Amino acid sequence: MSGMTGFLKNLSFTEPALGLSFAASGAMLAGAHLFEKVGGLVPCILCLDQREAHWTALGVAAAGLIASRLFKSKVGAAAAVGAAALVYAVSSGLAFYHTGVEYGYWPGPAICSGGGGLGEIDINNLGASLTEKTDAPSCEDVQWRFLGVSMAGYNLLASAGLFALTLFAALAETRTARMVRRTASA
């Protein structure tokens with residue numbers, strides 16, 4: 001069993017996890033923008049929220065890779081992979097919520113209903129304006145499916161997988177750091 005412990009002690013999933021996070025979020029954002037610009041699919045409000053999560057993950061992964069490669073900071077990379085796990089947990093939650101709205105399991109937010117005009121926002125009554133309908137498509141309307149799964153559904157699958165990967169990397173890095181500290185103090 002000591003051979004396995006030695007293997008796990010020297011194995012770091014941080015950089016590969018950050019690299020995959022960067023590539024996957026970048027590819028998902030590129031795909032979403034292609035579907036919008038080339039395919040003509042207008043994103044709903046929840047779609048835009050899900051994009052924000054991937055923009056955040058992209059930045060966190062880039063920061064972690066820079067910390068690891070440029071500054072040789074294992075702590076910075078470990079913190080980034082942990083932060084990426086949190087971002088992907090939020091992304092999974094957003095995608096889960098959106099998928100449930102698409103299937104009619106629960107209602108979407110009032111702003112997701114579609115049909116109103118953005119020019120009708122009353123600055124004096126901003127709180128009420130936030131509940132009015134917008135020109136964006138309804139979050140309930142699925143504009144594209146492949147093999148019966150919507151874009152929100154694929155985002156859920158990808159985000160959950162990336163969450164598992166980055167969480168595993170963060171936990172492995174934490175375990176390695178603990179082992180190094182124990183060895184140094186002994």
Side-chain angles (χ1 to χ4, degrees), residues 1-36 43-101 106 108-109 111-112 130 139 149-186:
M1 199 66 161
S2 67
M4 182 62 135
T5 305
F7 173 74
L8 289 175
K9 182 178 179 181
N10 294 323
L11 189 61
S12 174
F13 293 108
T14 304
E15 275 193 38
L18 288 169
L20 185 60
S21 295
F22 184 86
S25 283
M28 291 176 71
L29 286 165
H33 286 284
L34 278 172
F35 272 100
E36 179 182 354
C44 71
I45 301 300
L46 290 177
C47 292
L48 294 174
D49 287 344
Q50 290 168 83
R51 287 185 191 182
E52 291 300 322
H54 285 286
W55 279 114
T56 303
L58 193 69
V60 167
L65 289 169
I66 289 169
S68 180
R69 287 292 170 152
L70 191 62
F71 298 111
K72 306 292 184 213
S73 173
K74 284 187 166 238
V75 172
V81 81
L86 292 174
V87 171
Y88 286 123
V90 170
S91 182
S92 296
L94 286 168
F96 178 78
Y97 176 67
H98 191 185
T99 303
V101 169
W106 44 75
I111 198 167
C112 246
L130 292 174
C139 299
V149 180
S150 69
M151 290 175 77
Y154 282 111
N155 183 35
L156 173 58
L157 295 171
S159 293
L162 289 165
F163 168 69
L165 173 74
T166 53
L167 180 64
F168 180 74
L171 293 174
E173 193 65 36
T174 302
R175 178 179 224 178
T176 301
R178 283 185 190 153
M179 292 171 87
V180 168
R181 265 190 257 138
R182 281 187 201 143
T183 304
S185 66

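Because the structure is predicted, anything quoted here is derived from the model rather than measured.
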Taken to the nearest 0.5 Å, the spacing of L65 CG from L70 CG works out to 11.0 Å

Run the side-chain contact (heavy atoms from CB on, under 4.5 Å) check on Q50 and M28 step by step: do they pass?
CA-CA 10 Å; Q50 290 168 83; M28 291 176 71; over 6 Å; no

Is the number of heavy atoms from other residues, nucleotides or ligands within 6.0 Å of CZ (F96) greater than 12?
no

Write down the atom of [X], the atom of [Y], and the distance for their closest heavy-atom approach.
| X | Y | value |
| --- | --- | --- |
| A53 | L94 | CB-CD1, 4.4 Å |
| A32 | R51 | O-NH2, 3.3 Å |
| S21 | A61 | CB-CB, 4.1 Å |
| A78 | T14 | N-CG2, 4.0 Å |
| W106 | G100 | CZ2-CA, 3.3 Å |
| Y97 | P109 | OH-CD, 3.2 Å |

Given side-chain contact (heavy atoms from CB on, under 4.5 Å), test L165 with F168 step by step and report yes or no.
CA-CA 5 Å; L165 173 74; F168 180 74; 5.8 Å; no

For residues H98 and M151, determine if any side-chain heavy atom of one lies less than 4.5 Å from a side-chain heavy atom of the other.
no

Side-chain heavy atoms of Y88 within contact of H54, under 4.5 Å:
yes

Main-chain N/O of [Y] paired to [X] side chain as donor or acceptor, under 3.5 Å:
| X | Y | answer |
| --- | --- | --- |
| T99 | A95 | yes |
| S91 | V87 | no |
| S159 | L156 | no |

